[in-house]
4 protein chains.
Amino acid sequence: MASNSLGTVFKVTSFGESHGPTIGVVIDGCKAGIQFNESFISRQLQRRRPGQSALTTSRNEDENFSVISGVFEGKTTGAPICILIPNTDARPEAYDALKNIFRPSHADYTYYTKYGVRDHRGGGRSSARVTAGWVAAGAFAQSILAEKGITVQAYVSQVGSIKVARPYSELNLSETDTSPVRCPDKEAASAMEKYIEQLKSQGNSTGGMVSCVIKNCPAGLGEPLFDKLQANLAKAMFSINAVKGFDYGSGFESVGMTGGQHNDEYVLDGSKITTRTNFSGGIQGGISTGNDIYMRVAFKPVATIAAAQRSLNTEREEVTIEAKGRHDPCVVPRAVPIVESMAALVIYDHLLIAGG
Amino acid sequence: MASNSLGTVFKVTSFGESHGPTIGVVIDGCKAGIQFNESFISRQLQRRRPGQSALTTSRNEDENFSVISGVFEGKTTGAPICILIPNTDARPEAYDALKNIFRPSHADYTYYTKYGVRDHRGGGRSSARVTAGWVAAGAFAQSILAEKGITVQAYVSQVGSIKVARPYSELNLSETDTSPVRCPDKEAASAMEKYIEQLKSQGNSTGGMVSCVIKNCPAGLGEPLFDKLQANLAKAMFSINAVKGFDYGSGFESVGMTGGQHNDEYVLDGSKITTRTNFSGGIQGGISTGNDIYMRVAFKPVATIAAAQRSLNTEREEVTIEAKGRHDPCVVPRAVPIVESMAALVIYDHLLIAGG
Amino acid sequence: MASNSLGTVFKVTSFGESHGPTIGVVIDGCKAGIQFNESFISRQLQRRRPGQSALTTSRNEDENFSVISGVFEGKTTGAPICILIPNTDARPEAYDALKNIFRPSHADYTYYTKYGVRDHRGGGRSSARVTAGWVAAGAFAQSILAEKGITVQAYVSQVGSIKVARPYSELNLSETDTSPVRCPDKEAASAMEKYIEQLKSQGNSTGGMVSCVIKNCPAGLGEPLFDKLQANLAKAMFSINAVKGFDYGSGFESVGMTGGQHNDEYVLDGSKITTRTNFSGGIQGGISTGNDIYMRVAFKPVATIAAAQRSLNTEREEVTIEAKGRHDPCVVPRAVPIVESMAALVIYDHLLIAGG
Amino acid sequence: MASNSLGTVFKVTSFGESHGPTIGVVIDGCKAGIQFNESFISRQLQRRRPGQSALTTSRNEDENFSVISGVFEGKTTGAPICILIPNTDARPEAYDALKNIFRPSHADYTYYTKYGVRDHRGGGRSSARVTAGWVAAGAFAQSILAEKGITVQAYVSQVGSIKVARPYSELNLSETDTSPVRCPDKEAASAMEKYIEQLKSQGNSTGGMVSCVIKNCPAGLGEPLFDKLQANLAKAMFSINAVKGFDYGSGFESVGMTGGQHNDEYVLDGSKITTRTNFSGGIQGGISTGNDIYMRVAFKPVATIAAAQRSLNTEREEVTIEAKGRHDPCVVPRAVPIVESMAALVIYDHLLIAGG
């Protein structure tokens with residue numbers, strides 16, 4: 001069944017495998033006459049790519065891309081936009097030893113069960129490598145939103161048990177990239193960095209949290225029943241590898257609250273209707289209120305670790321596996337642009353659905 | 001934009017408003033020759049309906065339903081199945097006083113902003129009343145899954161700050177309905193019940209959590225990229241009114257774990273491949289593993305409370321509102337069959353996608 | 001597989017069987033604030049219904065309908081609109097004798113092969129009865145288009161070998177309903193009427209052609225590749241029972257023409273760009289030009305005839321069947337509102353896709 | 001609005017412009033483990049490409065292609081398949097003179113109206129060049145069908161007024177390619193060839209007809225209402241540039257027939273149920289009967305002619321245009337593999353929908 005497309009009006013179709021020649025996306029449904037912002041796309045691809053700091057895996061992708069259709073003289077034509085990103089560090093043979101092994105908490109076993117065949121080259125289609133294409137498409141959406149004053153900003157809010165205690169409204173999100181962990185709270189960032197370095201040296205990994213804020217989103221986006229804004233944001237976030245949880249607004253904390261505490265009272269801000277609090281997280285009944293939309297995305301620890309692990313192979317034999325060299329102790333700093341991209345894709349798609 | 005359908009092969013389209021004559025669903029894509037289990041649908045509608053215990057709202061719906069197409073001599077024909085559920089307690093005039101008021105944390109304001117017009121009769125389309133239709137469709141899916149040995153069981157795992165400490169595997173889920181709060185842990189259930197009664201008398205409400213477990217789901221369900229099983233479960237759950245968070249498997253807890261702790265080691269159970277732990281929550285790479293799928297759904301406190309609240313009306317004037325009589329201090333006991341229904345719709349749809 | 005919906009933005013889902021209690025449609029995606037024109041819908045349902053003249057079948061349906069959602073105080077609310085049309089002449093038992101017989105050129109055999117079970121009550125889901133729901137939805141779309149000055153007019157242009165020789169531009173389409181055959185050319189109409197009466201008395205039936213013209217359609221509707229306006233018109237027309245052919249503009253005649261004859265030269269009409277001829281039929285590259293869109297829809301002779309026919313039953317035994325009483329010698333007069341409805345649904349959907 | 005995808009389970013997304021660097025397709029929904037038949041795809045691309053005989057345009061494309069995802073070790077993996085076909089004869093500058101001119105019966109004016117901008121390079125997205133991608137995808141589907149014994153064969157049945165009089169069943173379709181016009185009737189082929197040569201020398205063009213036959217299609221393909229097999233075949237054929245008409249089975253001829261003549265009587269062929277005649281064209285009620293499916297596709301004369309023509313430009317000024325050199329007097333011989341491809345895509349998609 002076709003399942004590699006996301007979006008209703010602004011539809012993104014993904015293709016390509018971790019260690020094939022090229023990955024890419026086709027964006028279908030983009031309006032004509034929009035400036036195609038290549039430099040912003042480049043920047044986001046750089047933020048996502050492995051090897052950008054000492055904290056991540058050493059897989060090294062240049063992340064050059066080419067646009068082979070849909071853009072003419074710097075602007076979109078209304079035709080589908082195909083973006084190709086060559087895999088410059090494709091080393092399929094590096095995975096030959098894992099050919100028949102089910103790595104713990106990877107998709108090896110489920111793909112094998114589902115498809116009968118398996119593209120064992122670095123996880124094939126299940127690799128986070130394919131998210132580079134989503135980032136290209138999402139960065140394009142993000143640049144269009146930015147032109148309309150709508151900003152999408154993500155940051156790391158937790159690594160292991162180290163949390164950013166302050167709410168997003170008290171942070172300076174423009175400082176997110178001043179630390180390699182992409183946490184705008186300097187103290188927490190420093191502690192996170194040390195923890196990740198320690199895990200790296202131990203060959204271990206950690207989970208983490210990415211928070212995301214959308215500002216200046218107009219009221220009225222989202223559809224009432226099965227295309228609620230939060231439902232499509234959730235679906236998009238759970239498409240990202242390693243995501244285990246999502247909430248928005250008061251989220252899981254609302255479980256412990258009463259209606260009296262939680263209800264957002266309507267007040268006037270000059271002549272504009274707004275709410276005194278924003279436990280709603282900028283969405284009511286599936287539709288944006290015009291207030292900030294904020295959400296959290298929980299990532300499990302990366303399954304690839306350097307320590308020896310026991311597992312089974314396709315012959316049901318016990319095996320011991322060790323991942324030498326290229327493991328990523330904490331994925332969330334690199335997940336920041338991915339989360340921004342998915343949020344931007346959903347918001348821009350709903351803006352178009354609403355006729356914007 | 002059309003947004004009232006859920007599912008790919010087994011597609012459910014919802015219609016109807018809170019205080020119109022009838023709500024209903026059309027199920028398109030059901031195979032021919034399937035026994036139509038009316039009694040199980042009745043049972044689930046009874047579990048969802050208001051007024052079933054002293055803990056809930058007193059809105060009183062009979063929840064009789066009729067099947068007007070797609071079923072012939074007790075079996076499905078392959079034609080679309082239309083189910084109608086009359087609103088026996090429709091009292092549109094009861095809402096006239098609220099006609100121009102934006103109730104706090106309701107969808108009044110966003111609907112008004114989006115549509116210009118507003119069906120003020122009890123929230124109209126945004127009312128939880130419409131979930132009765134989803135429960136009818138979902139209960140049918142659940143009954144088909146049950147025939148295949150796949151069970152979907154939800155229960156209340158938290159109300160306010162009262163939590164069920166034990167994991168689902170140590171609970172007897174067949175005892176869920178022995179308490180009116182639908183919590184199978186007797187001690188927690190008793191505390192929850194007292195807390196809800198206290199809030200009811202105070203005219204206040206509380207948030208809560210529903211946990212859900214799917215057993216005997218075959219391996220191989222779910223699609224790799226944008227139709228991951230967890231992504232479609234999340235989307236379905238966020239379609240339910242008042243849901244603020246969703247996680248599955250280790251969920252938000254995984255953020256604080258290391259890869260060494262979290263990875264699920266493959267082991268043999270007789271000749272069957274399984275894992276020693278199940279932090280994965282029965283899904284890897286978007287595809288079911290064959291292990292139990294478990295998830296949590298966080299509900300905010302119901303926005304309708306009896307205590308006086310301040311708000312604005314469409315003329316931007318300050319108003320004070322009080323909901324007399326029909327408020328529901330805690331929605332999660334009634335949300336149990338809704339969560340089961342949404343889970344069943346997603347699982348059965350993926351089973352059909354996979355050719356089952 | 002779900003296949004009972006038509007349209008992208010203005011989506012119509014059909015349900016109901018020929019001799020079940022009710023047929024109906026759900027319209028999802030209708031904007032809020034649109035006047036719901038019940039009288040036009042009634043008129044079109046009357047034009048479609050059996051028994052309206054001596055030329056058609058005597059099955060007698062009242063075609064009353066009720067709107068049970070999505071319309072409040074006479075206007076649409078943006079919620080899905082459900083329309084129910086009870087089957088007042090449902091006589092399922094009348095078909096018991098045909099229970100196991102494959103009627104020639106009916107869908108009995110293919111449904112039986114596909115579904116294993118068969119709803120034999122008057123063709124069940126394959127009956128033209130279900131097109132009443134499409135007419136209700138299409139008439140609503142047609143009334144919205146009419147408000148914008150866009151008219152959709154169909155008429156009978158051929159019955160058997162009796163053809164209307166003149167092009168549509170030389171006919172007065174407002175006189176279509178002055179003859180029971182719905183042919184605006186009086187001479188042809190009279191000959192058609194005689195031919196149909198003759199066939200009726202012989203228990204035989206004839207094929208026919210419906211032509212359709214859309215005036216004042218704005219330029220720019222239709223999408224370039226796989227949602228070309230003509231492609232979606234064709235798909236909609238081939239959804240109608242008994243349709244065997246479709247062409248638009250010069251159609252099949254263009255096969256015998258040269259480019260020099262066929263090309264539509266651009267000229268100015270005042271300051272408006274138009275073409276000297278309109279062999280294009282108002283569509284170029286899948287997109288409307290602003291000129292009249294015209295098309296032809298070819299219908300086979302109705303398969304139900306009164307004369308004795310030989311066939312097989314489910315036991316592979318030879319049988320003889322005779323349809324007593326209720327046969328329709330020529331379906332095209334009643335197909336006129338169906339063709340209009342399908343055209344209106346496609347045009348209005350594309351208008352909404354284009355942001356109109 | 002996204003409109004560049006065709007198909008439900010086996011979904012083809014097209015991208016690329018006539019004179020951009022590359023055109024291509026992504027096939028999403030292909031099963032794993034299918035042999036990828038490159039040589040058959042090559043053959044069909046050769047049959048479609050310009051410049052293959054003296055009868056066609058001299059635009060000369062090599063039609064080499066590369067498969068950059070979804071195929072591993074010669075077999076499909078279940079991941080999306082991306083096929084790229086470089087435009088080796090891209091000469092965008094050749095179209096500079098036409099930059100502001102609306103060529104008669106081309107899509108220049110409608111694209112300009114719809115998008116505001118225009119990719120004037122050889123028609124851009126509206127060029128028949130993009131059908132090369134469809135042929136690649138369709139040829140792959142055709143090769144899978146062939147493995148199952150289902151054959152899809154198209155041929156030229158009319159050019160101008162020269163018709164093949166005999167029905168397809170009396171022709172040897174394996175001889176289709178023995179004439180450059182792809183007509184298996186030698187006498188007609190010879191007359192067509194002369195007529196096309198004459199038009200070429202005159203700088204003129206002609207319309208033509210392609211007939212297509214599908215043999216050994218199993219019974220039960222197609223869905224009852226809005227995904228009738230004929231409806232999806234029609235939609236696919238009307239996606240092809242220059243198509244003006246489509247019919248199947250008795251088609252437009254059925255208009256002049258009576259039910260007594262037209263009904264296909266069920267008879268036994270050994271123990272197999274079949275029909276004495278096949279006016280139904282292998283489809284009843286939208287569902288395949290198991291008999292041959294046959295259809296006709298009418299093509300208008302190519303709009304590009306060498307003779308001088310008058311037109312307008314974007315400034316509303318009268319201009320005279322002449323197409324020197326590269327015009328194609330008759331497109332139907334090259335349309336044969338396109339028609340086969342579209343038919344194969346629809347049939348294979350429905351086979352998968354039916355679980356095949």
Side-chain angles (χ1 to χ4, degrees), chain A residues 1 3-4 6 14 102 104-105 107 110 113-114 125-126 158 160-161 204-207 209 219-220 223-227 230-231 234-235 238-239 244-247 249-252 254-260 262-266 273 284-285 287 289 298 300-303 305 310-312 353, chain B residues 1 3-4 6 14 102 104-105 107 110 113-114 125-126 158 160-161 204-207 209 219-220 223-227 230-231 234-235 238-239 244-247 249-252 254-260 262-266 284-285 287 289 298 300-303 305 307 310-312 353:
Chain A
M1 175 65 76
S3 70
N4 294 281
L6 188 80
S14 161
F102 301 131
S105 293
T110 49
T113 304
K114 188 175 183 74
R125 186 68 181 152
S126 70
Q158 186 175 349
S161 57
N204 209 341
S205 66
T206 178
M209 185 98 76
E223 302 298 310
L225 225 66
F226 295 126
D227 280 304
Q230 69 269 37
K235 176 163 177 165
F238 277 106
S239 300
K244 302 293 286 188
F246 172 86
D247 66 5
S250 54
F252 274 86
S254 70
V255 170
M257 295 173 76
T258 66
H262 190 272
N263 280 0
D264 292 324
E265 185 185 329
Y266 283 101
I273 293 176
Q284 271 299 354
I287 300 168
T289 62
K300 71 172 187 182
V302 185
I305 56 176
R310 297 179 66 187
S311 194
L312 297 173
I353 289 171
Chain B
M1 176 66 75
S3 71
N4 293 282
L6 187 80
S14 162
F102 301 130
S105 293
T110 51
T113 305
K114 188 176 183 76
R125 186 68 179 151
S126 70
Q158 187 175 349
S161 59
N204 209 342
S205 65
T206 178
M209 185 97 76
E223 301 298 309
L225 226 64
F226 296 125
D227 279 306
Q230 70 268 39
K235 177 165 177 163
F238 278 106
S239 300
K244 302 293 285 187
F246 172 85
D247 66 4
S250 54
F252 274 86
S254 71
V255 170
M257 294 173 77
T258 66
H262 190 272
N263 280 359
D264 291 325
E265 186 185 328
Y266 283 102
Q284 269 301 351
I287 300 166
T289 63
K300 71 171 186 182
V302 184
I305 57 178
R310 299 180 64 188
S311 194
L312 298 173
I353 290 172

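Below, chains carry the letters A, B, ... as their sequence lines are ordered, and counting in each starts from 1. Treat the numbers as computed from the prediction; the structure is a model and nothing was measured.
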Practice task
Return the minimal non-hydrogen interatomic distance between A:Tyr266 and B:Leu312, and the atom names on each side.
Solution key: O-CG, 3.7 Å

Handout entry: Side chain / backbone / both / neither for B:Ala307 at chain A, heavy atoms under 4.5 Å
Key = neither

Practice task
Side chain from CB out, backbone as N, CA, C, O: work out which of these in B:Asn4 comes under 4.5 Å of a heavy atom of chain A, or both, or neither.
Solution key: both

Problem - Interface residue of largest heavy-atom contact number with chain B, from A:Leu225, A:Thr289, A:Ile287, under 4.5 Å - result: A:Leu225

Practice task
Please confirm whether the backbone N or O of B:Gly220 pairs with a side-chain atom of A:Lys114, one donor and one acceptor, at under 3.5 Å?
Solution key: yes

Exercise for the section: Find the one option among B:Gly160, B:Gly251, B:Ser3 whose heavy-atom pairs under 4.5 Å with chain A are most numerous. Expected result: B:Ser3

Fill in the blank from the handout: Greatest number of non-hydrogen atom pairs under 4.5 angstrom with chain B, of A:Gly259, A:Ala298, A:Gly285, A:Gly260, falls to A:Gly259

Fill in the blank from the handout: Most contact-rich option vs chain B, by heavy-atom pairs under 4.5 angstrom, among A:Ala107, A:Ala234, A:Gly245, is A:Gly245

Practice task
Locate the shortest heavy-atom distance separating B:Phe226 from A:Lys235; write the atom from each residue and the value.
Solution key: O-CE, 2.9 Å

Handout entry: B:Thr110 side-chain N/O to A:Gln284 backbone N/O, donor-acceptor pair under 3.5 Å
Key = yes

Practice task
Specify the closest pair of heavy atoms between A:Met209 and B:Val255, including all atoms of both residues, with the distance to one decimal.
Solution key: N-CG1, 4.1 Å

Practice task
Look at A:Glu265, A:Lys244, A:Arg310, A:Lys300 and state which one has the largest set of heavy-atom pairs under 4.5 Å with chain B.
Solution key: A:Lys244

Handout entry: Partner chain A: residue of B:Ser161, B:Pro224, B:Ser14 with the largest heavy-atom pair count (under 4.5 Å)
Key = B:Pro224

Practice task
Taking all non-hydrogen atoms of both residues into account, name the closest pair between B:Phe246 and A:Phe252 and its distance.
Solution key: N-CE1, 3.5 Å

Problem - Interface residue of largest heavy-atom contact number with chain B, from A:Ile273, A:Thr206, A:Val302, under 4.5 Å - result: A:Ile273

Practice task
Would you check if the side chain of B:Asp264 reaches a backbone N or O of A:Pro104 as a donor-acceptor pair within less than 3.5 Å?
Solution key: no

Exercise for the section: From the options A:Ser105, A:Ser205, A:Ser311, A:Pro301, select the one residue that forms a side chain to side chain contact (heavy atoms under 4.5 Å, CB included) with B:Asn263. Expected result: A:Ser105

Completion exercise
In this structure, CZ of A:Phe238 is separated from CG of B:Asp247 (nearest 0.5 Å) by 7.0 Å

Problem - Proximal component of B:Thr258, with respect to chain A [non-hydrogen, under 4.5 Å] - result: both

